[in-house]
2 protein chains.
Amino acid sequence: MDATGRPGDNSPTALERIRALLHPETLPSDRRLPTERQLSEDLGVSRRSVRRALDVLEAEGRISRRRGAGTFAGPCPPLNASAMSERLAESDFMGVMEVRLSIEPPLAELAALRADARDAERLDRMTKNAHHSQDADGRELWDSAFHRTIAECAGNELYLAVFDLVDRVRQNAEWRQLRERARTHSALSLYAGQHDAIVESIRRRDPERAREAMRTHLSALRESVVRMMETGADDVG
Amino acid sequence: MDATGRPGDNSPTALERIRALLHPETLPSDRRLPTERQLSEDLGVSRRSVRRALDVLEAEGRISRRRGAGTFAGPCPPLNASAMSERLAESDFMGVMEVRLSIEPPLAELAALRADARDAERLDRMTKNAHHSQDADGRELWDSAFHRTIAECAGNELYLAVFDLVDRVRQNAEWRQLRERARTHSALSLYAGQHDAIVESIRRRDPERAREAMRTHLSALRESVVRMMETGADDVG
DNA sequence: GCACCGGACCAATCTGTACTTGGTTCAGTT
DNA sequence: AACTGAACCAAGTACAGATTGGTCCGGTGC
């Protein structure tokens, strides 16, 4: 090419021609640009020059790039479900509790509005299962099922999916031991009472009380673990 | 086998032997039972009989089954991320707004606690981009990016993943036209002011106000669309 | 020494395919 | 009438291969 004649001139011209691709009329519906290799071939410059041009556009906020996905005009589209599952192993305990404290009280509120008598019966059975379990696994299991059933009763598919996303992280991480140690004998009966209060609020269709009961329960759980972390030796990743 | 000798006796014996598998000691860590075909071979009875036995255990709440996944002791483990993505196309607009009204105000609250000056600058740029966009696509795009950036500022990976899950549904569904019609000229300036109020609250590190500002904004958006649906012809799946 | 090119390699992502598994139906057998 | 075996369907999983942006290195021409 004419690279020899005008040193340092390839990127600017490439930049100009790529900028022309960003107008709404010339964009595909997913706002995706050709790949860097493709642009390199189309514009007759090296991929390095293309990348420099794209660096400028990115700094201007006009494009965004994601390795493996492509280059897009404007902000990044949300990534696929399978992709984000991996990053969630990094979550720490407090982060999960933060999310749970945000979503579960409203879920309980919705459940109180929409659950029928059969749902209340299911919830009641689960709290009893959890309370009567002898081993740690059983408690974990039925406690988890209890919270998920509330999410089901909320009657919102998307909200249930959100809950499952959080729940999966919660179960994958190795905090079972931590939580179990936080469940002293006195704490267990406290939680049992809180569970009952939640179920009772839902049965009586008292949304406010259900929300507050759930908030109280999760706060107690968090505080208990926090206290454990302070006294215990282990740090919690 | 001896099926001929004791009619109706296969399922009960199978039930008994499967029940023995449910004790915690004999269960694998994922609490998964052998497949129905495997059980059928192991116990020397037909798959039909195995299924009848499993029906009983399921009715008792001791196992749960999911096609494609397997049979599990106790409640179902949450399904994979990729699997639940499909079911979300069924979500309706009000359902999505319900979730957004639950999660985004707390996200704004957290953002106000944790965002730094650079974050506030980014948010400010995005509101301006959204406000200055001439076409509907541009507004949609930058508005979406604005809300996502707030989620980023909250500094909670899991919470961000939750937001993305909701956001993907929001974008996939064909409500762009609906939302755009809801954006009358007066509504647009209203939203612009609300966006600014959110950014301002975050910049001033006022969590309460940020949360309320976000709640106000989403409520206004929902009300606007609801009013549209009442007057407009189309129903909204 | 400088700017660029070509190529190679890595890591994140996406896609498609083949397999597994519970759910269902149906003809055959005793 | 009850069970069996087999086939098929639909939901879910798991794995491999291709694509794509990110990075680095040696070569080329001035």
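First the proteins, then the strands, lettered A, B, ... as listed; each starts at 1.
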- Item | From L39(B) atom CG to E36(B) atom CD, the distance as rounded to the nearest 0.5 Å |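 Nearest 0.5 Å value for the CG-CD distance: 8.0 Å.
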- Message: Rounded at 0.5 Å granularity, tell me how far CZ in F146(A) sits from NE2 in H217(A).
- Response: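 F146(A) CZ to H217(A) NE2: 7.0 Å, rounded to 0.5 Å.
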How long is the line joining [atom1] of [X] and [atom2] of [N], in whole Å?
X	N	atom1	atom2	answer
L54(A)	dT20(D)	CG	P	14 Å
L43(A)	dC4(C)	CG	C1'	15 Å
R48(B)	dG28(C)	CZ	P	18 Å
L57(A)	dG21(D)	CG	C1'	15 Å
I18(B)	dG22(C)	CD1	C1'	14 Å
L39(A)	dC5(C)	CG	P	14 Å
R51(A)	dC10(C)	CZ	C1'	13 Å
R52(B)	dT24(C)	CZ	C1'	14 Å

For nucleotides 18-21 of chain C, give me every protein contact, N/O to N/O, under 3.5 Å, one pair per line with atom names.
| residue | atom | partner | partner atom | Å |
| --- | --- | --- | --- | --- |
| dT21(C) | OP1 | R32(B) | NH2 | 3.4 |
| dT21(C) | O2 | G68(B) | N | 3.2 |

Set of residues satisfying side-chain hydrogen bond (donor to acceptor under 3.5 Å, both in side chains) with respect to [X], sequence neighbours excluded:
X	value
D137(A)	R176(A)
E109(A)	R211(A)
R62(A)	E60(A)

- Just the dot-bracket of DNA chain D, please: which string comes out with Watson-Crick or G-U pairs under 3.5 Å, [ ] for crossing, | for another strand? ||||||||||||||||||||||||||||||
Partners passing side chain to side chain contact (heavy atoms under 4.5 Å, CB included) against [X] (at least two apart in sequence or in another chain):
X	result
L113(B)	L110(B), P207(B)
R37(B)	T35(B), R47(B)
A73(A)	L22(A), L27(A), R31(A)

- Task: Would you state whether a donor and an acceptor, one from the side chain of R47(B) and one from the base of dG23(C), lie under 3.5 Å apart?
- Result: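 Answer yes: a donor N or O sits under 3.5 Å from an acceptor.
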Taking only distance into account, with no hydrogens and no angle test, what donor-acceptor pairs under 3.5 Å do side-chain atoms of residues 150-158 of chain A form with protein atoms, sequence neighbours excluded?
| residue | atom | partner | partner atom | Å |
| --- | --- | --- | --- | --- |
| E152(A) | OE1 | R122(A) | NH2 | 2.9 |
| E152(A) | OE2 | R148(A) | NH1 | 2.5 |
| N156(A) | OD1 | L158(A) | N | 3.1 |
| N156(A) | OD1 | Y159(A) | N | 3.1 |
| N156(A) | ND2 | G95(B) | O | 3.0 |
| N156(A) | ND2 | E98(B) | OE1 | 3.0 |

